[in-house]
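In what follows, every chain begins at residue 1, and chains take the letters A, B, ... in the order their sequences are listed.
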Amino acid sequence: MTTTYADAIKLQKEVAKKVVAKDDFGEINRICGVDVAYSGDTAYCSAVVMDRNLQLLESVHAETVATHPYVSGLLMLREAEPIFHVLKKLKSVDYDLLMVDAHGQLHPRKCGLACYVGVTLDKPTIGVAKSHLCGTARPDGFVELGGEVLGCVIGKKKRLYVSVGHRVSLETAVAIVKELGIEPLRLADINSKAQKRRKGLRP
DNA sequence: GCGACAG
DNA sequence: ATCTTGTCGC
């Protein structure tokens, strides 16, 4: 992984060019959700795979040490490695779509964590963030940035920012979230926090 | 210079 | 993300 902010930004611009913002997959039957919880710089990462009926097929976890602090716009530096690490543990089943708890193309350089992970693994990926980072939401929900529609905000009370990670169109990404919600992410969130808590109660 | 700022 | 009590609303 790169070290300086300048190198990271340069890398993001290169990765952004490789993002395929259109549907490029067969069938989406299995969805994988990943999330990370922290205790200082110790990262507790969880990944779960569910079918379209939201039935759990596999669950794995991994503990790593974060090498970079959190910096807005450069979340990939802190969270990508833990995610790659935990995804390597998925062996009994494969997945068709990866759901990341972060922005995808709806990012200052069109390369949020979801894009970086998706392009690196070359997997259909969508980004679902819980808060705003950049761009302006139109009345219809689509979010524009630099004259482009790069994301969509869903939900009135609990707003979710959906954007393309890789090999999925924004329309499909939105359809997936509207149909299945973010259960994979919710379960991964619960598991990562449980993992962290379990470790903490361990003298 | 001032405000905004994923997890 | 994490630190944290009571409190407002469906």
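Residue contacts for G127(A): at a heavy-atom cut-off of 4.0 Å it reaches no nucleic acid atom on any strand shown. At the heavy-atom level, L113(A) lies under 4.0 Å from base atoms of the strands shown. Contacts of L185(A) with the nucleic acid, taken as non-hydrogen atoms under 4.0 Å apart, are absent. In this structure, A37(A) reaches the sugar-phosphate backbone alone: every heavy-atom distance under 4.0 Å involves primed, P, OP1 or OP2 atoms, never a base.
For dG7(B), the base is stacked against the aromatic ring of Y70(A), per a cut-off of 5.5 Å between centres and 30° between planes.
If you take NE2 of H103(A) and P of dA4(B), they are 16 Å apart, rounded to a whole angstrom. To the nearest angstrom, P of dA6(B) lies 12 Å from CG of D101(A). Taking atom NZ of K196(A) as the reference point, atom P of dG7(B) lies 15 Å away to the nearest angstrom. Atom NE2 in H107(A) sits about 10 Å away from atom P in dA6(B), given to the nearest Å. Following rounding to the nearest Å, K110(A) (NZ) and dA6(B) (C1') show an atom-to-atom distance of 18 Å. Put simply, CD on E81(A) is 20 Å from P on dG7(B), counting in whole angstrom units. Rounded to a whole Å, the CD1 atom of I182(A) is 17 Å from the P atom of dA6(B). Across the protein-nucleic acid pair, L145(A) atom CG and dA6(B) atom P stand 14 Å apart, rounded to whole Å.
Counting heavy atoms from C-beta on, the side chains of K199(A) and Y44(A) come closer than 4.5 Å. Residues R109(A) and L74(A) have side chains in contact (heavy-atom distance under 4.5 Å, counting atoms from C-beta outward).
Put simply, S72(A) has no side-chain N or O that comes within less than 4.0 Å of OP1 or OP2 on dG7(B).
If you walk DNA chain C from 5' to 3' and mark each nucleotide with an atom closer than 4.0 Å to a heavy atom of chain A, the marks span dA1(C) to dT2(C).
For the residue pair E27(A) / N29(A), a side-chain donor-acceptor distance below 3.5 Å is found, with atom types taken as modelled.
Hydrophobic cluster membership is shared by V34(A) and L54(A), with clusters built from Ile, Leu, Val, Met, Phe, Trp and Tyr side chains linked at under 4.5 angstrom. Cluster membership check: L145(A) does not share its hydrophobic cluster with V162(A), using side-chain heavy-atom separations under 4.5 Å among Ile, Leu, Val, Met, Phe, Trp and Tyr.
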Could you go through the salt bridge (charged side-chain N to carboxylate O under 4.0 Å, His left out) check for D96(A) and R52(A) one step at a time?
CA-CA 11 Å; D96(A) 308 304; R52(A) 295 193 72 134; over 6 Å; no

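Ring geometry for F84(A) versus Y116(A): interplanar angle of 30 to 60°, hence tilted.
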